[in-house]
Each structure stands twice: as C-alpha cells, then as structure tokens.
Number of protein chains: 2
Amino acid sequence: MKKLKLEDVAALAGVSKTTVSRVINRRGSLSQKTIDKVEAAMAQLNYHPNVIAQQLHTQRTNLIGILVPSVANPFFGELTMYLEDALFQRGYKVLISDALNQTAKEERYLSQLMGHQVDGLIIATHNNKLEEYQHANLPIVAIDRFLRADIPVVASDNYAGAKLATEALIQRGCQHIIHTYTTNPSNWHDNQREKAFQAVMADHHLPAITYTTAFDCPPAERTARFERLFDEHPAVDGIFASNDLDAARLLSLARARGYRVPADLQIIGYDGAQATQELVPELATIIQPIEQMATYAVKLLADRMAGKFTPTSTVLPVNLKTGQTLKTLS
Amino acid sequence: MKKLKLEDVAALAGVSKTTVSRVINRRGSLSQKTIDKVEAAMAQLNYHPNVIAQQLHTQRTNLIGILVPSVANPFFGELTMYLEDALFQRGYKVLISDALNQTAKEERYLSQLMGHQVDGLIIATHNNKLEEYQHANLPIVAIDRFLRADIPVVASDNYAGAKLATEALIQRGCQHIIHTYTTNPSNWHDNQREKAFQAVMADHHLPAITYTTAFDCPPAERTARFERLFDEHPAVDGIFASNDLDAARLLSLARARGYRVPADLQIIGYDGAQATQELVPELATIIQPIEQMATYAVKLLADRMAGKFTPTSTVLPVNLKTGQTLKTLS
DNA sequence: CTGAAAGCGCTAACAT
DNA sequence: ATGTTAGCGCTTTCAG
C-alpha cells in the first residue's frame with residue numbers, strides 16, 4: 001500500500017491540490033459540486049491527510065507533554081486520566097512521560113520535548129532540572145510544585161488539608177502523633193503540609209514528631225524506616241501520613257505489631273485517589289480534588305497558549321474523609 | 001524569541017545548513033574543527049532542531065499510541081508505566097489514550113491516530129471497533145485480547161492463573177465457591193479464566209457459581225451486585241474475583257457483614273499490580289507479570305515495525321501470591 | 001470559484 | 001570535507 005498524497009486525490013477528482021486542501025480545511029469558497037467530487041475521491045481512496053506535513057506548516061502539533069513521577073501510582077494515574085480527558089476535549093493529544101524518579105530520564109525527556117514537538121507542557125514531577133527549559137518559550141503549567149516564577153501552579157490546599165488531618169487526630173484524643181512525609185527537591189524548602197502539622201501541634205502544646213523518606217526511596221527501605229518508627233515510638237497513638245500508600249503500609253505494619261486500629265492507634269492518609277478509596281475503604285484520608293486540579297491545569301495551559309493572562313497560583317479545596325482508621329467522634 | 005532554524009546556526013558557525021545537519025545527525029565525514037564550531041553555535045543559540053521538519057522527511061514520528069481502558073486503574077497504570085519505559089529505551093515516545101470505556105472516544109482516537117501520526121499502536125482496550133483501522137497498515141500489538149488474526153497478542157496465562165486460584169481455594173477446604181468476573185466485548189466468547197474455573201470445579205464435583213459485571217459497570221452498581229451475591233449465597237466460603245479491585249471490594253463488604261476472613265470466607269483476587277499489593281498486602285492474588293507483558297509487547301511491536309516475523313500469540317506465566325485472605329495450609 | 005507557485009525546516013543526493 | 005540543490009506533503013498568497 002503506497003502512500004497517498006493530496007495530489008492523488010486531486011488527480012482522481014480532476015481538480016488541483018489547492019482545491020482538495022480547501023475542501024479538507026473548509027476554507028475559502030467552494031462550489032458544492034467540487035466539494036462532493038473531492039470528498040468522493042477521498043473516500044474512494046481512503047485518504048488521510050499527512051498530519052506531519054500539516055504540522056510543518058502550522059508549527060503546531062496539538063500534542064501536550066505531561067511529566068509525572070509514575071502513572072503506576074494511583075494518584076498520578078488518576079491525575080493523568082483526568083488531564084488526558086480534559087486535553088482530549090480541547091483537541092489535544094497527550095505525550096506521556098513517566099519520570100520514574102530518574103533525573104536522567106526526565107532531563108532527556110525535557111530536551112526531546114523541545115524543538116516544538118509539543119505545544120505545551122504540564123509538569124507534576126519532583127526532580128526537575130529547570131535549566132533545561134529555562135530558555136524555552138514553551139507554555140508550561142505545574143501541578144502542586146513551584147518551578148519558576150513565571151510558571152503557574154495548580155495545587156490543592158495543602159496547608160488546610162494537613163490542618164484538617166492533624167486536628168482530626170487531636171480531636172479524637174491522640175497525644176503522641178507522628179507525621180510522615182516524603183521529601184523531594186520541590187518541597188524541602190516549603191512544605192505546606194509539614195508547616196500546618198507543626199503549627200497545629202504547637203497550638204495544642206503537643207510535640208510534633210516527624211519522619212521523612214526520600215522521594216526516590218525504594219519500597220523495602222521505606223518499610224524499614226517505618227518499622228524503626230514503631231521501634232522508636234511504641235506509644236504512638238496517631239499517624240498522619242502524607243500519602244495514602246504510606247498510610248496503608250503503616251496500617252498493615254501496625255496491625256502486624258498488634259496495634260488495634262483505631263483503638264490504640266489512629267491513622268489518616270493523604271491524596272484520596274479513587275482506586276485507593278476502593279482498595280482500602282477503611283482508611284481515613286484527605287481527598288485532593290484530582291479532577292478539578294486536572295481541569296484547571298488544562299484550562300490554564302490553554303490560556304497560556306492563547307497568550308492570555310493567567311494567575312500565578314491556583315489553590316483548590318480539599319476534603320476530610322473519615323474512616324474506620326479514626327475513632328468516631330462522640 | 002523568534003524561531004531558530006538550521007540556517008541561523010549555519011550562519012553563526014560560518015558553514016552550510018547541510019554541515020550543521022550532518023553534525024546533528026553525526027552523518028558523513030566531518031572535521032573535528034567543524035563539529036566544534038557548529039556545536040558551539042548551537043549551544044550559544046540554544047538551538048533545538050525542529051522535529052516536525054525532520055519527521056516530514058523521514059515520514060516517521062517515533063510516536064507509539066497506546067490505548068488503555070484507564071490509567072487510573074492500578075493494573076493499567078503499571079502496564080502503561082512499563083510500556084512507556086520500554087518504548088523510551090528504544091527511542092519512542094508514547095501517545096496515551098484513555099478510552100474510559102467510552103466507545104465513541106476510542107473510535108475518535110483511532111481515527112486520529114491514523115494519517116501517520118504514530119508509527120505503531122499497542123492496544124489494551126476492550127471495546128474496539130476494528131473496522132476503523134481495518135485499512136491501516138499500521139503495526140499493532142494487542143495485550144490480553146484478540147483483535148484480529150494478523151494482530152499478535154501478548155497475554156499472561158489466564159487459564160493457569162484461574163486454575164491456581166480455584167485450586168488454592170479448594171485445597172483450603174472451600175466448598176461453596178463463587179467466581180466473579182467482568183464481561184467485555186473481547187472475552188465474552190472465550191474467557192480462559194472462566195473456563196479454568198469451570199473445569200477445576202467440575203473436576204472436584206463442586207458447583208461452579210459465577211457472578212458477572214459488565215466492563216463499564218459503575219462502582220456503585222458493582223457494589224450493589226456484590227451485595228446481592230452475599231444475599232443470595234450467605235453460605236459462600238470462597239471467592240475468586242477476577243480482578244483485585246473487585247476482590248478488595250468483596251473483602252470489605254464481607255467484613256462489614258460479619259464474615260471472618262479467612263476463617264469463614266476465603267478470598268483471592270487477580271492482577272497483582274504493585275500498588276494494589278502495597279495497599280492491600282493481606283489480599284491473596286494471582287500476579288500477572290506486568291513488566292514482562294509490557295516488554296514483550298514492545299519487542300513484538302518493534303519487530304513488526306521492522307517487518308520481522310512475529311508469533312501470533314505469546315503467553316507468559318503467572319504466580320500465586322498467598323496472603324491472609326487465604327488460610328495457611330497445614 | 002479555482003489554480004500555479006512559493007515556501008514551512010530539514011535531509012539526502014549530487015557535486016566539488 | 002563541505003556546499004548546492006531538490007524535494008518531503010501540505011497550506012497559502014497571489015493571479016486569473
């Protein structure tokens with residue numbers, strides 16, 4: 001099967017390439033007769049325009065690159081799904097890139113994505129080497145992380161969420177609360193969740209204990225770290241884990257050690273991806289508005305691409321989901 | 001910031017466009033001096049070649065489209081991650097498309113993917129309208145579903161997996177076993193897991209009870225269906241759920257009804273995605289070799305694109321993961 | 001209303 | 001070892 005060109009259609013329809021192009025793009029003025037002829041010819045040949053050639057001219061690909069740490073993580077999987085859907089509705093297709101916490105891979109990606117292969121970029125990864133696209137005048141939107149002053153950020157209300165979580169534990173009688181969270185290059189200097197945790201604990205005159213793990217820490221090591229948490233704080237009666245995967249891990253470690261949840265120990269996570277809620281329905285958590293975050297990010301990106309004014313930062317509200325890992329308030 | 005062309009670099013380096021092109025592609029013979037000059041010029045201008053123009057010439061995009069039901073599902077999220085990684089290593093980028101169980105969306109996608117915007121396609125969705133790409137001479141590989149005689153399939157050993165699951169329950173004393181699975185256009189005529197379940201049950205002279213849900217059944221309705229399962233079969237003592245999300249759902253419904261797991265009721269799921277194992281570590285399941293499935297699919301696609309011979313069907317082995325939802329064998 | 005011709009930015013013969 | 005020239009398939013002035 002040889003490649004069909006505009007010319008082949010033109011020849012069959014007995015018109016010029018220009019006319020066929022006009023019919024395809026519904027541009028200029030055509031007689032109905034010509035339109036019919038051309039469309040018949042296209043159908044007969046099963047002709048599909050060569051998108052690449054079209055793009056060469058318009059210099060647009062209608063492709064949006066999205067960088068995530070890993071779609072295998074339920075939160076980012078769901079985020080990706082909503083991003084993809086929102087972009088699809090605006091006529092864009094999605095070039096996905098799983099950074100897999102590998103800085104090298106992410107950098108290669110960024111450099112490849114330049115040269116106008118994508119019309120825009122949505123970034124949700126941690127370990128960005130900003131220099132790579134420092135000079136790119138590519139519209140970019142970041143999700144939940146500050147990249148550069150001129151890149152708009154869409155995030156959920158991390159401070160309010162962490163406050164909700166911490167207060168939920170305190171209200172239910174916890175005295176010995178530990179906060180676990182993941183450190184990464186984009187939050188080490190300004191972690192809203194940690195700040196809220198510290199502030200709420202201070203308000204209640206409680207000691208604020210914190211355990212951190214690196215963003216690229218492998219699962220086994222992460223478990224070891226949490227085992228140590230229980231070794232060092234056997235009297236812990238409340239845990240606020242900054243993501244649901246860690247919360248679930250802590251929950252099962254605690255049960256294995258004989259803690260009764262929520263009687264001895266209460267646990268609350270963070271994220272609230274749909275799949276997580278279905279898999280671990282008993283887990284209390286802070287639900288981020290994943291769909292809205294995606295929708296806003298796409299809207300912002302579209303505005304940027306259209307050269308419109310965009311807010312620097314967009315914060316969306318979160319929700320507390322109680323569950324059997326928390327006591328019921330009397 | 002205006003657009004940089006090969007010509008700008010050539011001018012700065014004091015050579016011709018061709019030479020710059022040769023330097024970029026490391027083709028032909030160049031003097032080291034020229035190479036240095038050109039690379040300095042590129043660096044100074046922060047020049048990135050226009051990928052679209054390159055593609056117009058080669059008629060290849062190095063883009064592979066992948067169609068999945070939803071990356072928000074841990075199994076497909078993980079599959080996507082591995083596919084992406086394997087493709088990236090071969091120099092391809094991934095155009096992702098979440099069918100979201102919407103036939104209409106999937107069809108629009110398929111038609112857009114034609115016109116040589118992607119060099120190949122990996123399909124893991126259920127509701128394909130094959131006619132759409134009937135005429136496309138696009139290399140395609142399917143994952144876990146038969147699409148057409150000339151499209152190679154990569155799948156895990158569904159028959160062996162279901163056999164393992166069913167026998168695990170029987171070995172542990174289950175007498176009243178129910179199999180739940182999802183029906184979709186690609187398995188209604190030949191569901192290996194259901195067949196294995198039927199066969200093993202028959203071998204043991206046990207009644208084979210089956211509950212099905214449609215692939216596009218919303219979560220709430222799915223839960224209702226499972227509630228009915230318990231209403232109609234209160235004496236159920238073993239459940240083999242054909243995916244882990246359903247298994248987890250059944251587990252929590254059962255606990256809510258007062259079943260002790262595994263004393264009264266044993267449950268085993270299917271899929272074994274990493275995230276699921278971390279979130280619900282107690283769940284016994286059949287682990288599909290997701291990474292290998294992805295690797296093979298990519299290898300097959302690469303072979304197809306290279307015009308090489310490829311097997312029609314590739315079956316990969318699965319593993320039983322026991323867990324606290326099964327009794328321990330004495 | 002339609003066609004001829006000039007590019008879009010790059011690569012690959014074909015010179016030199 | 002390097003430059004000149006002719007396209008890749010399409011869109012778009014500019015004529016008619």
Side-chain angles (χ1 to χ4, degrees), chain A residues 1-42 45-63 112-119 136-138, chain B residues 1-42 45-63 112 114-119:
Chain A
M1 182 175 138
K2 62 174 191 302
K3 200 126 342 123
L4 293 168
K5 336 174 23 172
L6 213 49
E7 212 174 326
D8 300 314
V9 180
L12 181 62
V15 296
S16 73
K17 300 185 335 177
T18 317
T19 303
V20 179
S21 171
R22 288 201 180 102
V23 171
I24 291 173
N25 300 295
R26 288 283 179 287
R27 237 187 285 282
S29 42
L30 295 306
S31 75
Q32 187 59 45
K33 211 174 110 191
T34 312
I35 294 178
D36 294 342
K37 258 194 317 194
V38 171
E39 295 200 318
M42 292 198 297
L45 296 169
N46 191 246
Y47 167 82
H48 289 263
N50 182 325
V51 188
I52 303 172
Q54 294 178 311
Q55 290 172 348
L56 176 61
H57 195 264
T58 57
Q59 286 303 329
R60 298 184 55 236
T61 57
N62 286 323
L63 251 41
Q112 290 182 10
L113 256 28
M114 324 236 340
H116 302 277
Q117 189 166 27
V118 296
D119 292 344
N137 61 344
L138 193 65
Chain B
M1 184 172 135
K2 60 174 192 303
K3 200 127 339 126
L4 292 168
K5 335 173 24 170
L6 214 49
E7 212 174 327
D8 301 313
V9 180
L12 181 63
V15 296
S16 74
K17 299 185 335 178
T18 316
T19 303
V20 179
S21 171
R22 287 200 180 105
V23 172
I24 291 173
N25 300 295
R26 288 281 179 288
R27 241 188 284 280
S29 43
L30 294 305
S31 76
Q32 188 57 46
K33 210 172 110 191
T34 313
I35 294 178
D36 293 343
K37 259 194 317 193
V38 172
E39 294 200 320
M42 292 199 296
L45 296 170
N46 190 248
Y47 167 82
H48 289 264
N50 183 325
V51 188
I52 304 172
Q54 295 177 312
Q55 291 172 348
L56 176 61
H57 194 265
T58 56
Q59 285 305 329
R60 300 184 55 236
T61 58
N62 287 322
L63 251 40
Q112 290 182 10
M114 325 234 341
H116 302 278
Q117 191 166 24
V118 295
D119 292 343

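All chains are named by letter (A, B, ...) in the order of the sequence lines, taking the proteins before the strands, and each is independently numbered beginning at 1.
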Worksheet item: Of the nucleotides D:dC10, C:dG9, D:dG3, which has the atom closest to the B:Ala53 side chain?
Response: C:dG9

Fill in: Side chain proximity check, B:Leu12 to B:Lys37, heavy atoms < 4.5 angstrom
no

Worksheet item: How would you label the contact of A:Ser29 with the nucleic acid (heavy atoms, under 4.0 Å): base, sugar-phosphate, or nothing?
Response: base

Discussion item. In this structure, how many angstroms lie between the P atom of C:dT11 and the NZ atom of B:Lys5, rounded?
Written reply: 13 Å

Worksheet entry | Toward the 5' end of DNA chain D, by each residue's nearest nucleotide, B:Thr34 or B:Lys17 | B:Thr34

Practice prompt. Please state whether the phosphate of D:dG3, meaning OP1 or OP2, lies under 4.0 angstrom from any side-chain nitrogen or oxygen of B:Thr19.
Written response: yes

Item to complete: Indicate, with a heavy-atom threshold strictly under 4.0 Å, whether A:Ser31 touches base, sugar-phosphate, or nothing.
Response: sugar-phosphate

Item to complete: Search all heavy atoms of A:Gln117 against all heavy atoms of A:Thr61 and return the closest pair with its distance.
Response: O-OG1, 2.9 Å

Worksheet entry | Residue-phosphate contact under 4.0 Å: B:Asn50 side-chain N/O, C:dC8 OP1/OP2 | no

Item to complete: Take the protein atom CZ of A:Arg22 and the nucleotide atom P of D:dG9, then report the distance between them rounded to whole Å.
Response: 21 Å

Worksheet item: Rounded to the Å, how far apart are B:Asp36 CG and D:dT2 C1'?
Response: 16 Å

Worksheet item: Which heavy atom in A:Leu4 sits nearest to a heavy atom in A:Leu45, and how many Å separate them?
Response: CD1-O, 3.1 Å

Worksheet item: Roughly how many Å is it from CD1 in A:Ile24 to P in D:dG9, rounded to a whole number?
Response: 14 Å

Worksheet, complete the sentence: Side-chain contact check for A:Ser21: nearest option of D:dT11, D:dT2, C:dT11 is D:dT11

Worksheet item: Taking only N and O in the side chain of A:Arg27, is any of them less than 4.0 Å away from OP1 or OP2 of D:dT12?
Response: yes

Discussion item. Counting only side-chain nitrogens and oxygens, does A:Gln54 get under 4.0 Å of the OP1 or OP2 atom of D:dT11?
Written reply: yes

Worksheet item: What's the CG-P distance between B:Leu6 and D:dG7, to the nearest Å?
Response: 19 Å

Item to complete: Start with the C-alpha gap between A:Asp36 and A:Gln32, add the side-chain angles, then the distance that decides, and say whether side chain to side chain donor-acceptor pair (under 3.5 Å) holds.
Response: CA-CA 6 Å; A:Asp36 294 342; A:Gln32 187 59 45; 2.9 Å; yes

Item to complete: Mind calculating the distance between CD (A:Glu7) and C1' (D:dC8) to the nearest angstrom?
Response: 12 Å

Worksheet, complete the sentence: Side-chain atoms of A:Leu56 come closest, of C:dC8, D:dT2, C:dC10, to C:dC8

Worksheet item: Closer than 4.0 Å, any side-chain N/O of A:Tyr47 to the OP1 or OP2 of D:dG9?
Response: no

Practice prompt. Can you tell me the distance, in whole Å, between the CD1 atom of B:Ile52 and the C1' atom of D:dG9?
Written response: 14 Å

Worksheet item: Where the side chain of B:Thr18 is concerned, which of D:dT4, C:dT2, C:dC10 is the nearest nucleotide?
Response: D:dT4

Discussion item. Heavy atoms only, 4.0 Å cut-off, all strands: where does B:Leu30 land among base, sugar-phosphate and nothing?
Written reply: sugar-phosphate

Fill in: Nearest atoms (heavy-atom pairs only) where A:Ser16 meets A:Ala10
C-CB, 3.7 Å

Discussion item. Nearest whole Å is fine: how far is D:dT2 C1' from B:Lys33 NZ?
Written reply: 13 Å

Discussion item. Less than 4.0 angstrom from a charged side-chain N to a carboxylate O is my criterion; do B:Glu39 and B:Lys33 meet it?
Written reply: no

